[in-house]
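Working notes for the structure below.
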Amino acid sequence: MDAVGETGVDIRIGAPPPVGKPPEKTALRGGTVEAKLLTVRPGRRGRDETARPPAERRGSGAASDPPAGRILVLLVPDASQLPPDLEPGSWRVFLRFARR
């Protein structure tokens, strides 16, 4: 207790820093990175540009995906296995699926 009669509160957010030497990056053969599939959803459909006059249209209307395409949301548990310069469109990604 301090002089006012109240107790102090120590709030810490996050995990404690790891103790010891940091783990070495373990590169899997062939650039393989394991990930968990979180969500699958259909691709975006193109907008119907004939619905509005050209003066009222916003954007280029190019926000569409291939008709048979699917959007996959992946979780990579160890991000140290990912390339440091990972940006959308700068890498090709190949998927291989294995049942649990």
Side-chain angles (χ1 to χ4, degrees):
M1 292 175 79
D2 49 80
V4 180
E6 297 178 13
T7 60
V9 176
D10 188 18
I11 299 174
R12 296 181 187 207
I13 299 173
V19 178
K21 186 173 123 179
E24 294 183 20
K25 291 184 178 181
T26 56
L28 301 174
R29 66 181 159 85
T32 304
V33 175
E34 186 172 346
K36 179 180 179 184
L37 182 62
L38 299 179
T39 306
V40 179
R41 68 174 177 81
R44 298 170 292 188
R45 286 192 239 155
R47 296 185 187 124
D48 184 15
E49 294 297 332
T50 60
R52 289 183 271 166
E56 295 180 14
R57 294 181 191 162
R58 287 188 244 159
S60 65
S64 63
D65 295 318
R70 296 290 176 263
I71 307 296
L72 307 178
V73 178
L74 304 172
L75 169 68
V76 178
D78 184 11
S80 67
Q81 295 179 338
L82 297 174
D85 60 342
L86 186 63
E87 291 293 325
S90 63
W91 288 85
R92 291 189 313 162
V93 177
F94 299 94
L95 300 174
R96 183 179 66 109
F97 293 93
R99 290 202 183 271
R100 289 183 177 208

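Computed over heavy atoms, backbone and side chain alike; hydrogens, waters and symmetry mates excluded. Being a predicted model, the structure only gives us computed values, none of them experimental.
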Least distance between heavy atoms, [X] atom then [Y] atom:
{"X": "Ala35", "Y": "Pro77", "value": "CA-CD, 4.4 Å"}
{"X": "Pro42", "Y": "Arg70", "value": "CA-CD, 4.0 Å"}
{"X": "Leu72", "Y": "Leu37", "value": "CB-CD1, 4.0 Å"}
{"X": "Gly43", "Y": "Ile71", "value": "CA-CG1, 4.0 Å"}
{"X": "Arg44", "Y": "Asp65", "value": "N-OD2, 2.9 Å"}

Inset, instruction - Enter the distance from Lys36:NZ to Leu75:CG here, rounded to the nearest 0.5 Å. - result: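 Between atom NZ of Lys36 and atom CG of Leu75 there are 7.0 Å.
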
Legend entry - Shared hydrophobic cluster for Leu74 and Phe97 (ILVMFWY, side-chain gaps under 4.5 Å):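 Result: yes, single cluster for both.
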
Listing, residues 83-93 side-chain donor-acceptor contacts under 3.5 Å, not counting sequence neighbours, or none:
from: Ser90; atom 1: OG; to: Glu87; atom 2: N; distance (Å): 3.4
from: Ser90; atom 1: OG; to: Glu87; atom 2: O; distance (Å): 2.8

